[in-house]
Number of protein chains: 2
Amino acid sequence: MILEKKKIFNDFAASKGLRSTRQRDIILDIFLSTRQHVSVEELYLKIKASNPGIGHATVYRTLKLFSEAGLAREILLHDGQTRYEHAVAGEHHDHLVCTGCNSIIEFEDETIEKLQKDIAARHGFLIKNHKLEIYGLCAACRQ
Amino acid sequence: MILEKKKIFNDFAASKGLRSTRQRDIILDIFLSTRQHVSVEELYLKIKASNPGIGHATVYRTLKLFSEAGLAREILLHDGQTRYEHAVAGEHHDHLVCTGCNSIIEFEDETIEKLQKDIAARHGFLIKNHKLEIYGLCAACRQ
DNA sequence: TATGCTTTTGACATTCATTTTCAGTTAGTT
DNA sequence: AACTAACTGAAAATGAATGTCAAAAGCATA
């Protein structure tokens with residue numbers, strides 16, 4: 001699983017003429033070890049703990065690359081920070097975002113995905129990706 | 001339609017003890033006259049054209065109020081600017097966002113809305129609002 | 001209409017995430 | 001080992017959004 005993702009990134013890097021660097025390896029390792037939806041800052045701090053040398057800009061730059069490589073996906077919630085979630089080719093999940101405790105529940109729904117394709121087709125639109133976020137209160141916060 | 005929206009805002013203002021000001025009237029007028037999805041900056045420039053006195057901060061503050069009043073809804077695309085769309089109570093539409101020309105096509109789909117409710121119910125989640133954005137290329141940009 | 005109290009405003013400063021710059025370092029090739 | 005282009009880190013720059021605060025304006029009351 002992790003090896004497979006590393007391969008995906010290496011293939012992407014090769015196809016783009018990018019070099020393999022210590023920093024990118026480390027950032028990928030740590031990114032893969034996090035749970036979903038890390039903000040860049042969270043990831044940066046985690047990286048700095050074991051690798052104080054790695055700079056802010058490198059983390060930003062590298063996450064963008066992961067995104068292009070299809071390993072990560074940018075998500076914007078409403079807290080002013082860009083977050084990244086793990087992406088798996090051909091798979092997609094959406095989010096129930098609790099505005100009470102900021103927890104995120106993931107779900108998948110094939111019917112919704114299919115309906116989206118229908119709508120896109122009706123408009124002659126070519127889908128690259130999509131995001132569906134449902135905001136509200138989770139079971140715990142409703143009480 | 002426009003009068004109705006002004007009434008909604010006036011009622012909201014009254015209920016919150018807010019004052020009626022020239023600036024808020026102007027900003028509401030111009031906001032209502034724009035097409036969907038204005039960024040704060042776009043709106044600010046449009047306002048400044050006819051009302052040079054109105055400041056940046058006031059536009060930000062006022063759009064937040066419209067949002068609370070249910071007249072506007074914040075949307076975050078991927079260009080680093082907060083945009084506001086017109087909101088109508090009880091109505092909702094989603095977006096096809098073209099990454100080629102930045103155009104936005106709106107659509108509504110009741111079945112998707114219903115499926116979302118089912119999913120939320122399954123997780124004991126109380127929906128406040130949601131957003132669905134599909135990114136890709138519009139018919140014109142596919143060529 | 002004048003008075004007084006409170007909200008609102010606009011200019012400016014500030015914050016904070018993200019991007020750019022650039023000189024020094026490093027990967028990968030010959 | 002030498003060369004070249006990509007990469008990195010630190011610091012500066014950018015840009016959206018928010019906070020500050022004195023002056024202005026709304027609105028209730030006399």
Starting from [atom2] on [N], measure out to [atom1] on [X] and report it in whole angstrom.
{"X": "Q81(A)", "N": "dA17(D)", "atom1": "CD", "atom2": "P", "result": "15 Å"}
{"X": "N51(B)", "N": "dT9(C)", "atom1": "CG", "atom2": "C1'", "result": "14 Å"}
{"X": "R22(B)", "N": "dC27(D)", "atom1": "CZ", "atom2": "C1'", "result": "17 Å"}
{"X": "I54(B)", "N": "dC12(C)", "atom1": "CD1", "atom2": "P", "result": "17 Å"}
{"X": "N10(B)", "N": "dC27(D)", "atom1": "CG", "atom2": "P", "result": "10 Å"}
{"X": "H78(A)", "N": "dT18(D)", "atom1": "NE2", "atom2": "C1'", "result": "17 Å"}
{"X": "L63(A)", "N": "dT18(C)", "atom1": "CG", "atom2": "P", "result": "10 Å"}
{"X": "L65(A)", "N": "dT19(C)", "atom1": "CG", "atom2": "P", "result": "12 Å"}

* Step through it carefully: locate the ring centre of F66(B), locate the ring centre of F9(B), and say whether they are under 6.0 Å apart. =>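 Distance test on ring centres: under 6.0 Å, yes.
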* Verify whether the ring centers belonging to H78(B) and Y135(B) lie closer than 6.0 Å. =>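 Yes; Y135(B) has its ring centre under 6.0 Å from that of H78(B).
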Would you say a side-chain N or O of [X] is under 4.0 Å from OP1 or OP2 of [N]?
{"X": "Y60(A)", "N": "dT18(C)", "result": "yes"}
{"X": "T82(B)", "N": "dA17(D)", "result": "yes"}
{"X": "T21(A)", "N": "dA27(C)", "result": "no"}
{"X": "Q23(B)", "N": "dG10(C)", "result": "yes"}
{"X": "T58(A)", "N": "dG9(D)", "result": "yes"}
{"X": "R24(A)", "N": "dT8(D)", "result": "yes"}
{"X": "K64(A)", "N": "dT19(C)", "result": "yes"}

* Asked: If we ignore angles and hydrogens, is there a donor and acceptor under 3.5 Å between the side chains of H130(A) and Q116(A)?
  ->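 Their side chains do contain a donor-acceptor pair, which is all the 3.5 Å distance test asks for.
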* Pairwise 5' ranking along DNA chain C for P52(B) and G80(A), keeping only the more 5' one ->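 Its nearest nucleotide being more 5', the pick is P52(B).
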Report the nucleotide, chosen from [options], that has the shortest atom-to-atom distance to any side-chain atom of [X].
{"X": "R19(B)", "options": "dC27(D), dA11(C), dA6(D)", "answer": "dC27(D)"}
{"X": "R61(A)", "options": "dT8(C), dT8(D), dT18(C)", "answer": "dT8(D)"}
{"X": "A57(B)", "options": "dA17(D), dA11(C), dT20(C)", "answer": "dA11(C)"}

* Most 5' of L76(B) and L18(B) on DNA chain D, judged by nearest nucleotide ->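 In this pair, the answer is L76(B).
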* Which comes earlier along DNA chain D counting from the 5' end, the contact point of D79(B) or that of G17(A), where each point is its nearest nucleotide? ->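 Nearest-nucleotide comparison on DNA chain D picks G17(A).
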* Carefully, step by step, assess H86(A) and F31(A) under the rule ring-ring contact (aromatic ring centres under 6.0 Å, His included). => CA-CA 8 Å; H86(A) 299 182; F31(A) 173 65; 4.5 Å; yes
* Report the relative orientation of the aromatic rings in H93(B) and H37(B); use parallel for angles under 30°, tilted for 30 to 60°, perpendicular for over 60°. =>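 H93(B) and H37(B): perpendicular rings.
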* To do: Please determine which of L76(A), I104(A), L77(A) meets the side chain to side chain contact (heavy atoms under 4.5 Å, CB included) test together with E133(A).
  =>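 When side chain to side chain contact (heavy atoms under 4.5 Å, CB included) is applied between E133(A) and each of L76(A), I104(A), L77(A), only L77(A) qualifies.
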